[in-house]
Number of protein chains: 2
Amino acid sequence: MRRNLRPHTPMLRLTKKADYGLMALKYLAEQAYLAEQAGSDARNSGARSAKDIAEAYHIPPQLLAKILQTLARAGLLLSHAGTNGGYALARAAADISAFEVIRAIDGPLFITSCITIHGTCDLAGHCTIKEPLRKVNDSITDLLSGISVADLIEPADQLPAPMAGGLISIER
Amino acid sequence: MRRNLRPHTPMLRLTKKADYGLMALKYLAEQAYLAEQAGSDARNSGARSAKDIAEAYHIPPQLLAKILQTLARAGLLLSHAGTNGGYALARAAADISAFEVIRAIDGPLFITSCITIHGTCDLAGHCTIKEPLRKVNDSITDLLSGISVADLIEPADQLPAPMAGGLISIER
DNA sequence: CAATCTCCGACCACTTTGGTCTTGCTTCCA
DNA sequence: TGGAAGCAAGACCAAAGTGGTCGGAGATTG
């Protein structure tokens with residue numbers, strides 16, 4: 001008997017907040033590009049208010065506002081208060097990695113509960129699988145670090161080899 | 001007062017249950033190897049009760065029992081009820097991937113909330129970042145699929161190049 | 001038969017997540 | 001000069017997921 005009615009338990013996923021953050025950054029990157037091409041006054045080039053971004057993607061405005069504040073606090077965005085204010089990228093879109101965004105919003109990511117900030121393990125002596133999993137963790141970190149916000153704009157081109165066959169050289 | 005001093009929010013991690021499951025499988029793989037070497041009767045070679053495994057790793061026995069049941073239902077373990085019963089690997093340790101274990105326990109893993117089982121996106125038309133993230137998702141899947149339970153036994157040897165420099169060929 | 005062990009569902013406490021609301025502060029412009 | 005537009009920063013809340021426990025039912029062996 002199959003129970004497909006379950007809500008869905010997708011573990012090992014990033015939160016909706018991180019999703020929203022990535023979408024917002026992508027949007028701002030596009031706006032910056034358009035503003036640069038249009039040659040408009042470089043003052044607020046590409047700056048958009050939280051409300052505008054929220055409406056563009058149908059995201060709860062208040063929630064997105066908090067996410068953007070977090071991103072600004074992390075130094076990924078510049079905020080400008082007041083009329084015609086808003087957020088703009090603090091750096092070039094190519095210099096902001098998906099890893100930075102996710103870490104800023106969701107905190108440090110560790111694939112296993114063993115690995116903490118200091119590398120200590122809750123299960124102290126009895127956990128024997130943390131070394132292989134740490135390699136997986138590092139690989140995912142590298143993977144996300146290699147993807148920039150600028151990469152999110154291109155739909156599906158310019159990716160010569162989506163996957164090669166294994167980042168870790170373990171063969172079975 | 002049990003105060004859990006865990007301030008950080010480690011997202012993108014697998015659950016403790018998956019950790020326990022991997023540890024249990026590793027343990028059973030070791031037992032199977034020892035039993036095979038000792039040349040004992042191959043009947044219950046390497047079979048151990050849930051209680052034994054739980055004690056070996058200081059895991060709550062009832063919780064581990066449920067995890068092992070899940071693994072048995074997924075076809076990764078063989079269960080044998082009754083006195084001197086227990087669990088044993090259903091296949092060779094080299095033929096059970098970490099991906100199978102995690103999927104069996106935590107369910108299908110999708111890095112973004114966009115990607116569901118049917119590939120549909122909650123944010124229907126307005127989510128524009130799912131294609132790049134799907135590649136990340138596939139890469140992680142491949143990564144975990146390439147690691148077998150047998151690989152967990154070796155501490156940290158025989159891994160020529162822990163990481164090469166990028167599974168996805170995106171350069172920034 | 002009795003002890004042992006798996007099986008299975010219900011149940012519970014706690015944490016995290018997603019989201020809202022309120023209040024304040026800054027900037028611009030009519 | 002006073003709003004209006006916008007960010008900043010809390011508290012707050014409901015729903016869901018996680019980790020863990022309990023107790024009974026059924027199978028297997030001695």
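Sequence lines set the chain letters: A, B, ... in the order given, protein chains first and strands last, and positions in each chain run from 1.
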* To do: Assess whether side chain to side chain contact (heavy atoms under 4.5 Å, CB included) is satisfied between B:K16 and B:Y20, documenting all intermediate values.
  => CA-CA 6 Å; B:K16 234 175 224 175; B:Y20 292 160; 3.5 Å; yes
* Would you sort out whether A:K66 and A:Q62 count as a side chain to side chain contact (heavy atoms under 4.5 Å, CB included), showing the intermediate values? => CA-CA 6 Å; A:K66 269 206 311 192; A:Q62 308 253 33; over 6 Å; no
* **Identified side-chain contact (heavy atoms from CB on, under 4.5 Å) partner of B:I96 from the options B:V149, B:L77, B:L71, B:L152** => B:V149
Between [X] (side chain only) and [Y] (backbone N and O only), is there a donor and an acceptor less than 3.5 Å apart?
{"X": "B:D151", "Y": "B:S148", "result": "yes"}
{"X": "A:D106", "Y": "A:L14", "result": "no"}
{"X": "B:R48", "Y": "B:D52", "result": "no"}

* Strand DNA chain D as a dot-bracket string - pairs counted if Watson-Crick or G-U with both distances under 3.5 Å, | where the partner lies in another strand -> ||||||||||||||||||||||||||||||
* Minimum-distance pair of heavy atoms, taken over all atoms of B:L68 and B:A24 -> CD2-CB, 3.9 Å
Side chain of [X]: nearest nucleotide among [options]?
{"X": "B:A81", "options": "D:dC7, C:dT6, C:dG19", "answer": "C:dT6"}
{"X": "B:T83", "options": "D:dG20, C:dC28, D:dT28", "answer": "D:dT28"}
{"X": "A:S79", "options": "D:dC7, D:dG20, C:dT20", "answer": "D:dC7"}
{"X": "A:H80", "options": "D:dT29, C:dT27, D:dC7", "answer": "C:dT27"}
{"X": "B:T15", "options": "C:dG19, D:dG19, D:dC7", "answer": "D:dG19"}

* To do: Test side chain to side chain contact (heavy atoms under 4.5 Å, CB included) on B:I67 and B:I59 and set out the steps.
  => CA-CA 11 Å; B:I67 296 170; B:I59 299 174; 5.8 Å; no
Could you tell me the separation between the [atom1] atom of [X] and the [atom2] atom of [N], rounded to a whole number of Å?
{"X": "B:D19", "N": "D:dG19", "atom1": "CG", "atom2": "C1'", "answer": "13 Å"}
{"X": "A:Y57", "N": "C:dG18", "atom1": "OH", "atom2": "P", "answer": "19 Å"}
{"X": "A:Y87", "N": "C:dT27", "atom1": "OH", "atom2": "C1'", "answer": "14 Å"}
{"X": "A:H58", "N": "C:dG18", "atom1": "NE2", "atom2": "C1'", "answer": "18 Å"}
{"X": "B:L77", "N": "C:dT6", "atom1": "CG", "atom2": "C1'", "answer": "12 Å"}
{"X": "B:N84", "N": "D:dT28", "atom1": "CG", "atom2": "P", "answer": "14 Å"}
{"X": "A:K16", "N": "C:dT20", "atom1": "NZ", "atom2": "P", "answer": "11 Å"}
{"X": "B:L14", "N": "D:dG19", "atom1": "CG", "atom2": "C1'", "answer": "15 Å"}

* To do: Please check the phosphate of D:dG19 (OP1 and OP2 only) for any side-chain N or O of B:Y20 closer than 4.0 Å.
  =>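 For D:dG19, OP1/OP2 do not have a side-chain N/O of B:Y20 under 4.0 Å.
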* To do: Scan residues 62-75 of chain B against DNA chain C and write down, sorted by residue number, each residue with any heavy atom closer than 4.0 Å; if none is found, say none.
  =>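 Within this stretch, B:K66, B:Q69, B:R73 sit under 4.0 Å of the strand.
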* Hey, does B:L143 have a side-chain heavy atom less than 4.5 Å from the side chain of A:L143? ->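 No, every pair of side-chain atoms sits at 4.5 Å or beyond.
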